[in-house]
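Below: the structure, in structure tokens.
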Amino acid sequence: MERLATLYIDKESHKFSAAHYTIFSATERERLHGHNFSVSAMIAAPMGDNGFAADYNVYKRRIKGLCDELDEYMVLPEYSPHQSIEEDGDNYCVKFNGEEMLFLRSDTLVLPIVNSTVEEFAHYLLRRMLEESAGEAIAELEVCVASGPGQKGSARWSAMDEGIA
């Protein structure tokens, strides 16, 4: 029987600051605001003969790199059914419920997500972690994103079902 071990990574340096708004419906959204998001991960992997399941440093660098990619940006969801995003020179022109909002393209990330929520950020980061971990012996991976104390969402992948939950 294969022995698995679970590593938990929750470092102070695994965070990003981002502006966003959550879209609730075709006519309602939050005001633009920001958070200091924190990211943590759980990795389950087979125990190696050397007494290690996975190298903490590898995963700490990956999480830090992904956080750095998101840090200090305005985040827009590319796949929201309630808004449209068009490039307009140096700006993104976002249309929502009759409003037009302009965001500098250099300050904005358009992510392949449906909404700018901790749940969607967790799924996005999970996909990115899985891409960067392709070919590695991982049994399970969970990524959590918190927007403040006591408020977080997570996404989980398991090799057993080869899907993202």
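In what follows, every heavy atom counts, from backbone to side chain, and hydrogens, waters and symmetry copies are set aside.
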| query | Near Phe24 CZ, under 6.0 Å, is it more than 12 heavy atoms from other residues, nucleotides or ligands? | reply | yes
| query | Under a 4.5 Å cut-off applied to non-hydrogen side-chain atoms, are Lys11 and Lys64 in contact? | reply | no
| said: Measuring only between side-chain heavy atoms, which start at C-beta, is Trp157 closer than 4.5 Å to Ile138? | reply: yes
| message | Who clusters with Leu32? Use side-chain heavy atoms, under 4.5 angstrom, across I, L, V, M, F, W and Y, and order the result by chain and number. | response | Tyr21, Ile23, Met74, Leu76, Ile85, Tyr92, Val94, Phe96, Met101, Phe103, Val110
| query | How far does CG of Leu125 sit from CD1 of Ile113, to the nearest 0.5 angstrom? | reply | 9.5 Å
| task | Just jot down the side-chain contact (heavy atoms from CB on, under 4.5 Å) partners of Asp71, sequence neighbours excluded, or say none. | result | Phe16, Ser17
| query | Roughly how far, to the nearest 0.5 Å, is OG of Ser13 from CD1 of Ile63? | reply | 9.0 Å
| Value rounded to 0.5 Å, distance of CD in Glu87 from SG in Cys93 | 11.5 Å
| query | Are Tyr59 and Glu136 close enough, and set up right, to give a side chain to side chain donor-acceptor pair (under 3.5 Å), and what steps lead you there? | reply | CA-CA 12 Å; Tyr59 293 98; Glu136 296 174 10; 2.6 Å; yes
| More than 12 non-hydrogen atoms from neighbouring residues, nucleotides or ligands closer than 6.0 Å to CG on Asp49, yes or no? | no
| said: Tell me the closest heavy-atom pair linking Lys152 and Cys144, and the distance in Å. | reply: CD-CB, 4.4 Å
| If you draw a 6.0 Å radius around CG in Asp107, do more than 12 non-hydrogen atoms from other residues or ligands fall strictly inside? | yes
| request: Mark yes when over 12 heavy atoms from residues, nucleotides or ligands other than Glu72 sit less than 6.0 Å from its CD; otherwise mark no. | output: no
| query | Heavy-atom distance under 4.5 Å between the side chains of Thr22 and Glu120, does that happen here? | reply | no
| task | Nearest 0.5 Å please: distance from the CG atom of Leu130 over to the CG atom of Leu141. | result | 5.0 Å
| request: State whether the side chain of Arg156 and the backbone N or O of Glu140 hold a donor-acceptor pair below 3.5 Å, judged by distance alone. | output: no
| task | Could you check if a side-chain atom of Leu70 sits within less than 4.5 angstrom of a side-chain atom of Tyr124, using non-hydrogen atoms only? | result | yes
| 4.5 Å side-chain heavy-atom contact, Lys15 and Cys67 | no
| task | Any chance you could lay out the side-chain contact (heavy atoms from CB on, under 4.5 Å) test for Leu111 and Phe121, step after step, and finish with the verdict? | result | CA-CA 9 Å; Leu111 296 181; Phe121 292 147; 4.2 Å; yes
| Short question: side chain of His20, backbone of Val75 - any donor-acceptor pair under 3.5 Å? | no
| Can you name the nearest heavy-atom pair linking Ala5 to Ala53, along with the distance? | CB-CB, 3.8 Å
| query | Any side-chain heavy-atom pair from Gln83 and Pro77 closer than 4.5 angstrom? | reply | yes
| message | What I'd like to find out is whether the side chain of Val114 reaches to under 4.5 Å of the side chain of Pro81, using heavy atoms alone. | response | yes
| message | On a heavy-atom basis, which atom in Val39 and which in Val143 lie closest, and how many Å separate them? | response | CG1-CG1, 4.0 Å
| message | With clusters defined by side-chain heavy atoms of hydrophobic residues (ILVMFWY) lying less than 4.5 Å apart, directly or transitively, does Met42 cluster with Phe37? | response | no
| query | To the nearest 0.5 Å, how far apart are OG in Ser38 and CD in Gln151? | reply | 11.0 Å
| query | Under a 4.5 Å side-chain heavy-atom rule over Ile, Leu, Val, Met, Phe, Trp and Tyr, are Ile43 and Tyr56 clustered together? | reply | yes
| task | May I ask you to say whether Arg128 pairs ionically with Glu132, meaning some side-chain N is under 4.0 Å from a carboxylate O? | result | yes
| message | Test of understanding: with side-chain contact (heavy atoms from CB on, under 4.5 Å), list the residues that count as partners of Ala26, not counting sequence neighbours. | response | His82
| field | Shortest non-hydrogen contact between Pro112 and Arg127, atoms and distance | value | O-NH2, 3.3 Å
| Mind checking whether Leu66 and Met129 have side chains closer than 4.5 Å, heavy atoms only? | yes
| said: Taking atom NZ as the centre, does Lys60 end up with more than 12 heavy-atom neighbours from other residues, nucleotides or ligands that are less than 6.0 angstrom away? | reply: yes
